[in-house]
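Encoded as structure tokens, the structure appears first; notes follow it.
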There are 2 protein chains.
Amino acid sequence: MSLRILLADDHQMFRHALRALLARDPELEVVAEAASGEEVLAIADAQPVDLVCMDIAMPGMDGIEATRRLLARHPALRVIGLSAFADRQFVTDLLAAGARGYITKGEAGDELLRAIRTVCEGRSYLCPEVAATVADALRDSPGVYAAAPRLTARERQVLQLIAEGLTSVQIGDRLHIAASTVEVHRRNLMRKLDLHNVAELTRYAIHSGISPNVTPGGAG
Amino acid sequence: MSLRILLADDHQMFRHALRALLARDPELEVVAEAASGEEVLAIADAQPVDLVCMDIAMPGMDGIEATRRLLARHPALRVIGLSAFADRQFVTDLLAAGARGYITKGEAGDELLRAIRTVCEGRSYLCPEVAATVADALRDSPGVYAAAPRLTARERQVLQLIAEGLTSVQIGDRLHIAASTVEVHRRNLMRKLDLHNVAELTRYAIHSGISPNVTPGGAG
DNA sequence: TTCGCACTACCGGTAAACCGGTAGTCCAAA
DNA sequence: TTTGGACTACCGGTTTACCGGTAGTGCGAA
């Protein structure tokens, strides 16, 4: 019996590469691809899926919120998170959302295959770097861990757009909310993360993987 | 006859890792380490060095400017550039400064050993990703290439500090110049790169490798 | 039901970014 | 010698970021 897999990542090339990688195991069948959290939910509602390989950095609804909603509707689903870096905040958030595995894109492809097999057996799998991150988070006193700055879905969405260079007015237009509301989210982000300007927010967004590390496009 | 190597990178851990890597070849002897461009010049003036492994992202004088000045004083020296990404601008700038090799940190360690051996034989060595970048730069018409936005040493320095979240006043204090002068460099950067806010400058700095991709420090 | 949280939205204010211009010195290349 | 680039520095202005507060709605948990 093959495993029906949904690939969720905003980069088509990466999805194709993953598809090629997973093709090495005849037991694994990629039945669909999604480029955003909204697409993931729509596809999972429309056809049977066993496992989702979910990038946390996607435009619109990100991987964390998508995982939360996905598992609320389809509790039997298994989710494996993917991101460029093992940021403590996003690792713990995604695991709290119900993901069974988490590996960084820096790992070898075999790591993903191992994660899929392990997760299918009902166990969890974290790549070494992520495992160390989680261990660090737990070691730094459970109290602090519980009180750690947890970003809301809206805050992550705003953070993503700030890191793309949009102004509060532009973000408001994009999300169909007032610019003043965007400013509130911006201030809450800075307070929670103890960062105080756009440059630091952008660095955090890129490092945490919520925003892809690509060259900005310029005005053209 | 062993090869006297100088390692230049602002991260001690990376220098140590490189040292361990190079120790696998008994012909290679790491005779010194530097954490900035200024240190590289001082060391090369004080003791004989055959080859420099130079990170382009260093605080103060970066690897490009350091390579330019280094080769002006010691033309027989060989320089191999290292960076996190194969940004077109910085690759071409470093090669124009006289570097004989360029590899990204994403490559395996064997790639660096191969580069060192090749460069010592008097030939140039570029890792595949960098080679492709250079090819692209040349293919996109020599005219455009010549007219490409070339950043000055001072501009790269200012860009680095902008990406760290410093204000123009703070950057001016750090570099011992007026804040108004920093604003000029900032505007020239934005004009040359066709970017128009701190977020995009920060993305560019991180992606190009001039600024390390680390989590911002908070107010601490 | 009450409480907390997320999300929404506004007020006012200061600091900084962003945009345009002019202008001097220094140095190296033409 | 002249020209051009890099670096320095200032003038003016508008927009946005940043910081502090208040406040209403809806929703889910205690």
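Atoms considered below: every heavy atom in the structure, side chains included; atoms not considered: hydrogens, waters and symmetry mates. We name chains A, B, ... by the order of the sequence lines, and we start the count at 1 in each one. Just so it is clear, the model here is predicted, and its values are computed rather than measured.
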Among [options], the one nearest [X] by side-chain distance:
X: R186(B); options: dA9(C), dC18(C), dA17(D); value: dC18(C)
X: E183(A); options: dA17(D), dC10(D), dC7(C); value: dA17(D)
X: H196(B); options: dC19(C), dA9(D), dT8(C); value: dC19(C)
X: K192(A); options: dA6(C), dT8(D), dC7(C); value: dA6(C)
X: R187(A); options: dA9(C), dC19(D), dC7(D); value: dC19(D)
X: S180(B); options: dA17(C), dC10(D), dA17(D); value: dC10(D)
X: T167(B); options: dT16(D), dT8(C), dA16(C); value: dA16(C)
X: S168(B); options: dA17(C), dT8(C), dC18(C); value: dA17(C)
X: V184(B); options: dA17(D), dT8(D), dT8(C); value: dT8(D)

Rounding to an integer number of Å, can you tell me how far [X] [atom1] sits from [N] [atom2]?
X: L151(A); N: dA6(C); atom1: CG; atom2: P; value: 10 Å
X: R191(B); N: dG21(C); atom1: CZ; atom2: P; value: 11 Å
X: L159(A); N: dA17(D); atom1: CG; atom2: C1'; value: 15 Å
X: L175(A); N: dA9(C); atom1: CG; atom2: P; value: 11 Å
X: N197(B); N: dT16(D); atom1: CG; atom2: C1'; value: 10 Å
X: E200(A); N: dA17(D); atom1: CD; atom2: P; value: 16 Å
X: I177(B); N: dC10(D); atom1: CD1; atom2: P; value: 11 Å
X: M61(A); N: dC7(C); atom1: CE; atom2: C1'; value: 16 Å

Report summary line: DNA chain D nearest-nucleotide lookup for A179(B) and A153(B): closer to the 5′ end is A153(B)
Query raised in the report: Does N188(B) or M190(A) map to a spot on DNA chain D nearer the 5' end, using the closest nucleotide for each?
Result: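 Between the two, 5'-proximity favours N188(B).
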Query raised in the report: Among L82(A), L70(A), I80(A), which one satisfies side chain to side chain contact (heavy atoms under 4.5 Å, CB included) with M54(A)?
Result: L70(A)
Requested in this report: Would you mind telling me which of L195(A), T202(A), L151(A) makes a side chain to side chain contact (heavy atoms under 4.5 Å, CB included) with L159(A)?
Outcome: L151(A)
Query raised in the report: Is a donor on one side and an acceptor on the other found under 3.5 Å between the side chain of E183(B) and the backbone of A178(B)?
Result: no
**Report entry** Donor-acceptor under 3.5 Å (R78(B) side chain, L51(B) main chain)
**Finding:**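 No: the side chain of R78(B) does not pair with the backbone of L51(B).
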Query raised in the report: Which value, rounded to the nearest 0.5 Å, describes the distance between L201(B) atom CG and R186(B) atom CZ?
Result: 7.5 Å
Requested in this report: Can you measure from CG (D62(A)) to OG (S83(A)) and round to the nearest 0.5 angstrom?
Outcome: 11.5 Å
Counting only side-chain nitrogens and oxygens, does [X] get under 4.0 Å of the OP1 or OP2 atom of [N]?
X: T152(B); N: dG5(D); value: no
X: H185(B); N: dA6(D); value: no
X: T181(A); N: dA9(C); value: yes

